[in-house]
Amino acid sequence: MPHTARRDLLKKAATLSIGAIASAGAGFPRAGLAAGQAEQKLPTSDFFPGFKRRTAKTSGATIHFVTAGSGPPLLLLHGYPQTHLEWRDVAPQLAKSFTVVAADLRGYGDSSKPVGGENHLNYSKRAMAQDQVEVMTSLGFQKFAVVGHDRGGRVAHRMALDHADRVTQLAILDIVPTYKVLHSVTNELATANFHWWFLIQKSPLPETLIGNSAEVWLRSRFERIPPGVLGKEAFAEYLRSFLLPDSIHASCEDYRAGATIDLVHDAADLDHKISCPVLVLWGERGAWPKLYDVLEVWRERASNVTGREMPTGHFIAEEKPDMLLKELNKFLS
């Protein structure tokens, strides 16, 4: 079967499955939904002054997000083990020029945690991207720019392929495409990113081990952030979100999907490049520049790519928010 026909078949099958499986997010309190959306008060309110906190029910999940500003719509997607809180030092400034939507991915933060489904389909980047497209549609945005870091970058990558008519610009922070990574594994890569292979192990092994020392695990994920960057209040909020029912399992499902169904979807798209302008930023202290020519790798997957190395580690938005804002404003203007 030709790549294009296979890609279309896979996309249709995934969309049908996503819509057929209801959200399983009843494990934590949820404000009542009105017309698919609701406003609510949660602990991160103090980090986003002036932002409205809302939820939107999609075809496969209930997505929690904050929004503010005016101007062109801009969607911000976080990484692991984070939530929309990642953008606390960036979103308020961006809201001066854009209508900012900073969302929790399904399985993270205060978004719902659906069951994984066969072959972890419900945590495929296709399913996670579909959520966010539906959120933007619910807000009246048919076209929008996207900034994605880490897992959010992988969701944004898939979104730009599946919804090329919706994504106007794409900024990717500190990742190399999943298919490339998992088809070029070295000892150095596996050592630096060992958690990829730990989190994909059969449930409930990683869930049990992490759950027994959740705070220790979470601190280990942020150990490369320079001292003083991640304050006590921000870490406490990340920990609160990480300890919500099913959060640990859902994040493992995200990685399990990355090693299974996502590779199937990616293989079907190897002959298909992202068409919108792409900005790629990566941290000089991270693993990627030691292992790949990051720009050249992304030029294999997109037609119009620019970017640069940043004087940071993996968590660019939290380590150097002012520098990130400068790059994003220049790219998105």
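Any value given below was found using the heavy atoms of this structure, including those in side chains, with hydrogens, waters and symmetry copies removed.
- Residues Q82 and R151 are not in side-chain contact: their nearest non-hydrogen atoms beyond the backbone lie 4.5 Å or more apart.
- Within the structure, side-chain hydrogen bond (donor to acceptor under 3.5 Å, both in side chains) pairs that include any residue of residues 278-288 comprise W282-E309, R285-E319 (at least two apart or interchain).
- How far CG of L324 is from CD1 of I316: 7.0 Å, rounded to the nearest 0.5 Å.
- Aromatic ring centroids of W217 and F198 lie under 6.0 Å apart.
- F194 and W196 end up in the same hydrophobic cluster when Ile, Leu, Val, Met, Phe, Trp and Tyr side chains are linked at under 4.5 Å.
- Rounding to the nearest 0.5 Å places CG of L281 at 5.5 Å from CG of L173.
- Between G109 and L244, the shortest heavy-atom contact is O-CD1, 3.2 Å.
- S112 contributes no side-chain N or O that, together with a main-chain N or O of P114, makes up a donor-acceptor pair within less than 3.5 Å.
- Under the side chain to side chain donor-acceptor pair (under 3.5 Å) criterion, Y108 pairs with D254, not counting sequence neighbours.
- A donor-acceptor contact shorter than 3.5 Å is absent between the side chain of K52 and the backbone of A68.
- Contact between A156 and I172 at its shortest, heavy atoms only, is CB-CD1, 4.4 Å.
- The closest side-chain donor-acceptor pair between R166 and T137 falls under 3.5 angstrom.
- Nearest heavy atoms, G79 versus E86: N-OE1, 3.0 Å.
- Sorted by first then second residue, the side-chain hydrogen bond (donor to acceptor under 3.5 Å, both in side chains) pairs that include residues 323-332, not counting sequence neighbours, are R308-E327.
- In this structure, the side chain of S111 engages the main chain of H64 through a donor-acceptor pair within 3.5 Å.
- R106 places a side-chain N or O within donor-acceptor distance of the main-chain N or O of N122, the cut-off being under 3.5 Å.
- If you take CG on L182 and CD1 on I200, they are separated by 7.5 Å, rounding to the nearest 0.5 Å.
- Scanning both residues, V167 and C276, for their nearest heavy atoms gives O-CB, 3.7 Å.
- Nearest heavy atoms, L291 versus T186: CD2-OG1, 4.2 Å.
- You'll find the side chain of F144 reaches within 4.5 Å of the side chain of M159, heavy atoms only.
- Between D266 and R158 the shortest side-chain heavy-atom distance falls below 4.5 Å.
- Between the side chains of E134 and S59, at least one donor-acceptor pair of N or O atoms lies under 3.5 Å.
- Note that the CG atom of D262 and the CG atom of L121 stand 9.5 Å from one another [nearest 0.5 Å].
- Between the NE2 atom of H84 and the CG atom of L76 there is a distance of 10.5 Å, given to the nearest 0.5 Å.
- Relative ring orientation between H314 and H149 is described as tilted, the plane-to-plane angle lying within the 30° to 60° band.
- Checking side-chain atoms of S241 against main-chain N and O of Y238 turns up no donor-acceptor pair under 3.5 Å.
- In this structure, CG in D110 is found 10.0 Å from OG1 in T55, a value given to the nearest 0.5 Å.
- Considering every non-hydrogen atom in both A160 and I274, the closest pair reads CB-CG2, 3.9 Å.
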Worksheet entry | side chain to side chain contact (heavy atoms under 4.5 Å, CB included) between R126 and D162, intermediate numbers included | CA-CA 8 Å; R126 175 160 287 160; D162 286 358; 2.6 Å; yes
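- Clustering ILVMFWY residues whenever any of their side-chain heavy atoms sit less than 4.5 angstrom apart, transitively, puts V181 in a cluster other than the one holding Y123.
- Side-chain contact check for V147 versus L279: every heavy-atom pair is 4.5 Å or farther apart.
- Side-chain contact between L332 and Q169 is present, with heavy atoms from C-beta onward closer than 4.5 Å.
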